[in-house]
Structures are given as structure tokens and as C-alpha cells.
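Here's the structure, in C-alpha cells; my notes come after.
The structure presented is a predicted model; accordingly, all values stated were derived computationally and were not measured. So you know, we letter chains A, B, ... as the sequences are listed, proteins then strands, and number each from 1.
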Number of protein chains: 2
Amino acid sequence: MISNARSAYQVHDHQRCIDAALNRARQCCAAANARLTPIRETVLLLIWKSHKPLGAYSIVEQLPALTGKRIQPPSVYRAIEFLLELRLIHRIPSLNAFIGCPFPGSEHSDVFMVCRQCGSAAEVSADNLNQLIAETTHKAGFQLESQTVEVSGLCLACNPETPH
Amino acid sequence: MISNARSAYQVHDHQRCIDAALNRARQCCAAANARLTPIRETVLLLIWKSHKPLGAYSIVEQLPALTGKRIQPPSVYRAIEFLLELRLIHRIPSLNAFIGCPFPGSEHSDVFMVCRQCGSAAEVSADNLNQLIAETTHKAGFQLESQTVEVSGLCLACNPETPH
DNA sequence: GGTAAAACGATATAATGTACCAACTTTGTC
DNA sequence: GACAAAGTTGGTACATTATATCGTTTTACC
Ligand SMILES: [Zn+2]
Ligand SMILES: [Zn+2]
Ligand SMILES: [Zn+2]
Ligand SMILES: [Zn+2]
């Protein structure tokens, strides 16, 4: 089981998250012989600005401050599509928003945990859970190819019952 | 483990699905002291026309044929909201579409299995899976309140490896 | 340096979802 | 039945999310 919940939901050196994400992105792009162009990199950085899923139009709004020029929705969606394909980011369907993947490269299927209070999201990947999902759906006659698990609730920081 | 996959994906007497859904809806409404008005009932029937998730605007398009008059998006969304609250239908976030719940009333958290070939969806509810999701997220420090699990793949009917 | 592929800019538009307010219907009470 | 309150619907406008299209620019490669 791997998860970025502990860091994502608590006070931490987020610059390290950002730096690590950017390094991994460069590695992944090199490995895939893909180009991390300025727009794509800036979009990735914006998404990594926090651990809250970010909508495409928020990106459109925030890009001029970083690039100096207005960038239209299609360009942003193209960058998002690129980042999704390389699995550098994930889409959270129920939010129509995107979040950086903390462990791209490693094959994993995620559970996204979205805090209803603070809006932050973390992911956890657990082999036994994925296996049980595969088994359960297989028993129902379904041949699983991909999965999306979203849970909503209270994160570490927002749960009053959690000792800090 | 309960599932409607066997019927949903194969040839079956779908009129029975529809009749059963309508009966359960009447029961649920009576129990909740809620009113299954003509619009709400018609929207529910349209959603139950098949086992394929149906978008809100498809409903808007198809309603005039059943009611004789045009019904605007807000009215459709209100009906959908009502049906969602009574858990007579579910929303499939990745499709922006809605599907009838085959077992409302009984408390359950579902896995939605959406066939990428034929578009049909079925649900399976398994206690041990729900429990494992709760455990896994709990270990990550998350207090789960609700969940959505979607899997994509091939259904019984569309999987060439399935003996029919 | 010529060429093909990839990426980007720009405009328009599609698809999904909601805010708002007026009008109508049902329900409960007198 | 008359009335008030709550619930439901009609209708317009608008907000948000996403994509189609096409011409231009940049990059990669020989
Ligand atoms: Zn961080
Ligand atoms: Zn939180
Ligand atoms: Zn059926
Ligand atoms: Zn199928």
C-alpha cells in the first residue's frame, strides 16, 4: 500500500512535492520520448500548486500570471490530455478537476480520497484492494480493464477525532 | 454480494426490470412521504428504458414524445435530483449520466461496471469490498463517508471469451 | 534547407448544469 | 369551501466544462 495522504493533508514542505513532481515528469517524458513543453510544464506546476484538484478553467485563469500571455481553453485541454496520457496527473470525475499524481511511472490503480471540508485530495494504492475489485467484478461476469475509486469524507487534518 | 449484472448484460425480459423499478419507486416514495409526480415518474421510466446510463439532455430530448410537451432542463434536473436523493437512480460521474438503481431501499455502496463496448452498466455491491475500502482509506488517515467505484471493461455479452 | 510531424493560436460552438423568479398545485387548517 | 403555507413546475437566462476546426508556428529528422 502506497499513499501520499500523510504529506498531502498535513503541514509539509510542499516545495519538495513540486520539485519531485517536476523531476519525475522530466524522467517520464524522456522515457516516453515525449516533450514537456513550456505550456505543459506550467500546467503541471499549476496543478501541483496545492493538493486540491484544479479545474481546467482555473488553469486558464491562472496561466497569464505565469506566462505573460492568455492561453485559450483548447491549449490547456491539450496540455491536460498530454499529462493524463503520461499519467502525470489524474482526473477526478466527480469534480471535473485534475490532480498531480505523486507516483507516476509505477503501475498503480488509485483510490482518490477527497476531503469534503478542505477540498484536498490524496491517493492510496493498495494491491489487495485492486485485487478484490477485480475478483468481485469478475464474479459478476465483468472483465475489468480500468477502475476509478473516489471516496469522500474527512481528511486527517479536518477530522476532529484525529489527534494531531 | 448482490448484483444485477447477469440480467443487465444479457437478453432478458426487461419489462420486468421496468415494472419492478416502478413498484419499488412507489414504495420508496410512500415510505419517505415523497411524491412521485408525473415528471419524476416519466424521467425514471426513461432512465430505465435500458441499462445504459442516460444523460440529462437525452432525457430532455426524449420527454416530449412521452408527455406531449417540451420540458426544460431545470425541470429535468430537479426530477433527477429528487430521484438521486431517494436513491432510485445513481449518477455515473465519468459519464455525466444516470442509471436506475436495481435495489433501492436496501443500504448499499456500489461498484458500477460500465462496458466500454455496448455502454451498458450494472452494479454490484459487496460488503467485503466496501469494508476493505473503508479499512484502506482509514489506514491512510481518512474518515470515509461515501464512495464511488466505477470500473470500465467488457461485460458478459461483449467479452468474446465468455461462453454464451 | 526541405519536409513531415507535432504543437500551438484563435475562433466558434457543443454539452452539461444552475440561478432566479413567477405561476401553479397540493396539503393541511380553520 | 376559504385560506395560507409548502411544494412543484414553467421559462428565461446564464454559468461551467469541453471540443471541433483550421491556419500558423515550431520541432525533428534526413
Ligand atoms: Zn505537497
Ligand atoms: Zn481536509
Ligand atoms: Zn433489464
Ligand atoms: Zn457490453
Hey, does the side chain of Asn96(A) come within less than 4.0 Å of dA18(D)'s phosphate (OP1/OP2), counting only N and O? yes
Quickly work out the Leu36(B) CG to dG7(D) P distance and round it to whole Å. 17 Å
Return the 5'-most residue of the pair Ala97(B), Asn33(B) with respect to DNA chain C, ranking by each residue's nearest nucleotide. Ala97(B)
Within a strict 4.5 Å, meaning less than it, do heavy atoms of the Phe103(B) and Arg24(B) side chains meet? no
In whole angstrom, what separates Leu63(B)'s CG from dT9(D)'s P? 12 Å
Under a 3.5 Å threshold, yes or no: a donor from one side chain and an acceptor from the other, between Gln15(B) and Asp19(B)? yes
Atom CD1 of Ile92(A) to atom C1' of dT17(D): distance rounded to whole Å? 16 Å
Only distances under 3.5 Å count here; give the side-chain donor-acceptor pairs of residues 77-89 of chain A to other protein atoms, sequence neighbours excluded, each with its distance to 0.1 Å.
{"unit_1": "Arg78(A)", "atom_1": "NH2", "unit_2": "Ser75(A)", "atom_2": "OG", "d": "3.2"}

Using whole Å, report how far CD of Glu61(A) lies from C1' of dT16(D). 11 Å
Closest non-hydrogen atom pair, Cys29(B) against Leu36(B): SG-CB, 3.8 Å
Under 3.5 Å, is there a donor-acceptor pair between the Gln147(A) and Asn130(A) side chains? yes
Please indicate yes or no: is the ring centre of Tyr57(B) less than 5.5 Å from the centre of the six-membered base ring of dT16(C), with the two planes inclined by under 30 degrees? yes
Which class fits the ring pair His51(A) and His14(A): parallel under 30°, tilted 30 to 60°, perpendicular over 60°? perpendicular
Under a 4.0 Å heavy-atom criterion, the protein footprint on nucleotides 2-9 of chain C, written with B, S and -, is -----SBB
Rounding to a whole Å, what distance do you find between Leu95(B):CG and dG17(C):P? 11 Å
Ignoring backbone atoms, test whether Tyr77(B) places a side-chain nitrogen or oxygen under 4.0 Å from the OP1 or OP2 oxygen of dT18(C). no
Test item: side-chain donor near acceptor, Gln27(A) and Asn23(A), under 3.5 Å: no
When the distance from CG of Leu84(A) to P of dT17(D) is rounded to whole Å, what number comes out? 16 Å
I need the CD-C1' distance between Glu81(A) and dA20(D), as an integer number of Å. 13 Å
To the nearest Å, how far apart are Glu85(B) CD and dT8(D) C1'? 14 Å
